[in-house]
There are 2 protein chains.
Amino acid sequence: MNRVPSDETMIERLKLAGLRPTRQRIALAALLFGECDKHVTAEALHEEALRNAIPVSLATVYNTLHQFTEAGLLRAVAIEGSRTYFDTNTSNHNHFYLEADGTLLDMHAAPAVSVPEPPPGMAISRVDVLVRLVRK
Amino acid sequence: MNRVPSDETMIERLKLAGLRPTRQRIALAALLFGECDKHVTAEALHEEALRNAIPVSLATVYNTLHQFTEAGLLRAVAIEGSRTYFDTNTSNHNHFYLEADGTLLDMHAAPAVSVPEPPPGMAISRVDVLVRLVRK
DNA sequence: ATTTGTGCAAATCGTTTGCATCTGA
DNA sequence: TCAGATGCAAACGATTTGCACAAAT
């Protein structure tokens with residue numbers, strides 16, 4: 001009885017990332033990388049896990065999200081406010097942010113940004129573009 | 001015995017913004033709008049106030065920052081992490097962020113950004129560009 | 001006099017940590 | 001076996017809130 005995607009796929013992925021494929025990590029990876037790109041908060045992923053009968057503690061969800069991020073499987077997205085979003089799409093892209101309901105959307109077409117010279121002695125490490133949306 | 005800028009200026013400014021010019025608001029406004037553009041956190045402004053012999057509670061600093069922001073005197077800047085920055089420059093501009101020491105710098109030359117069409121039914125409310133810097 | 005703001009301390013929110021226990025290699 | 005992972009509950013930092021008191025109109 002195989003889920004799609006199979007646990008084997010996830011185990012492979014974890015091993016490649018240098019992470020021990022534990023019960024919880026496999027299950028969370030299956031939720032995260034199962035289908036299309038997702039944006040989750042720790043809280044949201046925790047709830048999703050519980051709904052799917054994966055008993056895991058919130059602390060482990062936090063740990064796992066950070067480990068996945070360090071391993072390059074996830075990308076942390078900076079939005080104002082306290083809560084952190086994690087994006088399964090780790091490629092260099094930007095986001096629409098729906099202020100009304102706190103939803104993140106991937107921006108597929110790359111925005112063209114030309115940035116001024118950084119101050120002397122400094123180098124650009126990354127450019128984040130966040131487009132805030134409101135309902136029309 | 002007049003400070004520069006004068007309290008009168010600040011009182012005017014507060015009245016125009018529809019805020020009652022109280023002792024604390026006048027003093028905080030003088031710190032914030034005194035000279036050049038500033039970026040502050042609530043904590044930092046609170047400390048600055050205490051150093052300047054303005055006894056004010058942290059709660060009031062938070063309240064005041066939010067009231068000023070609603071009144072359009074300040075602009076909240078979204079950086080990742082938990083703490084909120086407030087910018088005395090309310091014009092439409094963007095920022096350099098020095099990850100190493102958590103410092104914000106105004107970007108004077110406007111970055112040229114051309115953003116893709118927002119999803120149907122949605123309109124752009126604001127585009128935030130944050131350029132993360134590292135020491136070279 | 002009435003409305004509005006302030007200060008304190010307690011409450012809240014998202015997140016992290018310490019530590020005993022469990023698990024996978 | 002034993003390094004590494006997990007779960008719980010307590011600790012945490014930034015922020016907010018409830019409420020009695022004080023100040024501005």
Side-chain angles (χ1 to χ4, degrees), chain A residues 7-8 10-31 39-50 53-71 73-74 76-86 102 104, chain B residues 7-8 10-31 39-50 53-71 73-74 76-86 102 104:
Chain A
D7 285 358
E8 276 62 36
M10 293 304 144
I11 292 174
E12 261 328 293
R13 204 148 171 173
L14 291 171
K15 281 186 181 164
L16 280 175
L19 293 169
R20 207 190 263 186
T22 66
R23 221 179 278 308
Q24 292 85 334
R25 284 180 185 159
I26 297 166
L28 292 176
L31 288 181
H39 303 99
V40 297
T41 60
E43 195 81 34
L45 182 60
H46 185 226
E47 280 165 21
E48 191 181 348
L50 298 187
I54 302 161
V56 64
S57 75
L58 183 54
T60 296
V61 172
Y62 273 105
N63 289 337
T64 304
L65 286 172
H66 287 141
Q67 291 150 358
F68 283 13
T69 301
E70 271 167 48
L73 301 175
L74 291 176
V77 182
I79 311 286
E80 93 190 311
S82 38
R83 81 178 25 164
T84 306
Y85 288 76
F86 295 86
L104 267 191
Chain B
D7 285 358
E8 275 65 35
M10 292 305 144
I11 292 175
E12 262 326 294
R13 204 148 170 173
L14 291 171
K15 281 187 181 164
L16 280 173
L19 293 169
R20 211 189 258 189
T22 67
R23 221 178 280 306
Q24 292 85 337
R25 283 180 187 159
I26 296 165
L28 292 176
L31 288 181
H39 305 100
V40 298
T41 61
E43 196 80 34
L45 182 59
H46 185 226
E47 280 164 20
E48 191 180 348
L50 298 187
I54 301 161
V56 63
S57 76
L58 184 55
T60 296
V61 172
Y62 273 106
N63 288 336
T64 303
L65 285 171
H66 287 140
Q67 290 150 357
F68 283 12
T69 301
E70 270 168 49
L73 300 176
L74 291 176
V77 182
I79 312 287
E80 92 189 310
S82 39
R83 81 180 26 167
T84 306
Y85 288 78
F86 295 86
L104 267 191

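Sequence lines set the chain letters: A, B, ... in the order given, protein chains first and strands last, and positions in each chain run from 1. Keep in mind it's a predicted model, so treat the numbers as computed, not measured.
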>> Without decimals, in angstroms, what is the distance between B:Q24 CD and D:dC21 C1'?
In response: 13 Å
> Tell me, do A:L19 and A:Q67 make a side-chain contact under 4.5 Å, heavy atoms counted?
Replying inline: yes
> Between atom CG in B:N63 and atom C1' in D:dC19, what is the gap in whole Å?
Replying inline: 14 Å
> Within the structure shown, what part of the strands sits under 4.0 Å from A:H66 by heavy-atom distance: base, sugar-phosphate, or nothing?
Replying inline: sugar-phosphate
> What heavy-atom pair brings B:L65 and B:A42 nearest, and what distance separates the two atoms?
Replying inline: CD1-CA, 3.6 Å
> Where do A:L31 and A:E48 come nearest, in terms of heavy atoms and distance?
Replying inline: CD2-OE2, 3.7 Å
> Counting side-chain heavy atoms from CB outward, which of D:dT25, D:dT6, D:dT16 is closest to B:Y62?
Replying inline: D:dT16
>> Side chain of A:T60 only, heavy atoms from C-beta on: which candidate in D:dT6, D:dA9, D:dT17 is closest?
In response: D:dT6
>> Could you tell me how far apart A:L58 (CG) and D:dA9 (P) are, to the nearest whole angstrom?
In response: 13 Å
>> Tell me the closest heavy-atom pair linking A:A27 and A:I54, and the distance in Å.
In response: CB-CG2, 3.6 Å
> Does the side chain of B:H46 come within less than 4.5 Å of B:V56's, by heavy atoms?
Replying inline: yes
> Earliest and latest nucleotide of DNA chain C, 5' to 3', sitting under 4.0 Å from a non-hydrogen atom of chain A?
Replying inline: C:dG14 to C:dA25
> Does B:R25 reach the main-chain N or O of B:T64 with its side chain, forming a donor-acceptor pair under 3.5 Å?
Replying inline: no
>> Expressed as a whole number of angstroms, how long is the span from B:R25:CZ to D:dA22:P?
In response: 19 Å
> Between B:L19 (CG) and D:dA24 (C1'), how many Å, whole number?
Replying inline: 13 Å
>> Could you tell me how far apart A:Q67 (CD) and D:dG4 (C1') are, to the nearest whole angstrom?
In response: 10 Å
>> Just the rounded figure in Å: distance from C1' of D:dA24 to CD1 of B:I26.
In response: 10 Å
> Touch check for A:R83, heavy atoms < 4.0 angstrom, all strands: base, sugar-phosphate only, or nothing?
Replying inline: sugar-phosphate
>> By nearest heavy atom, map B:K15 and B:S82 onto DNA chain D; which one lands nearer the 5' end?
In response: B:S82
> At under 4.0 Å between heavy atoms, what does B:T84 touch on the DNA or RNA strands: base, sugar-phosphate, or nothing?
Replying inline: sugar-phosphate
> Are A:T22 and D:dT6 close enough that a side-chain N or O sits under 4.0 Å from OP1 or OP2?
Replying inline: yes
> Does a side-chain heavy-atom distance below 4.5 Å link A:P21 with A:M10?
Replying inline: no
>> Whole angstroms only, please: what is the NE2-P distance between A:H46 and D:dT6?
In response: 13 Å
> The side chain of B:A42 lies closest to which of these nucleotides: D:dA23, D:dT15, D:dC8?
Replying inline: D:dT15
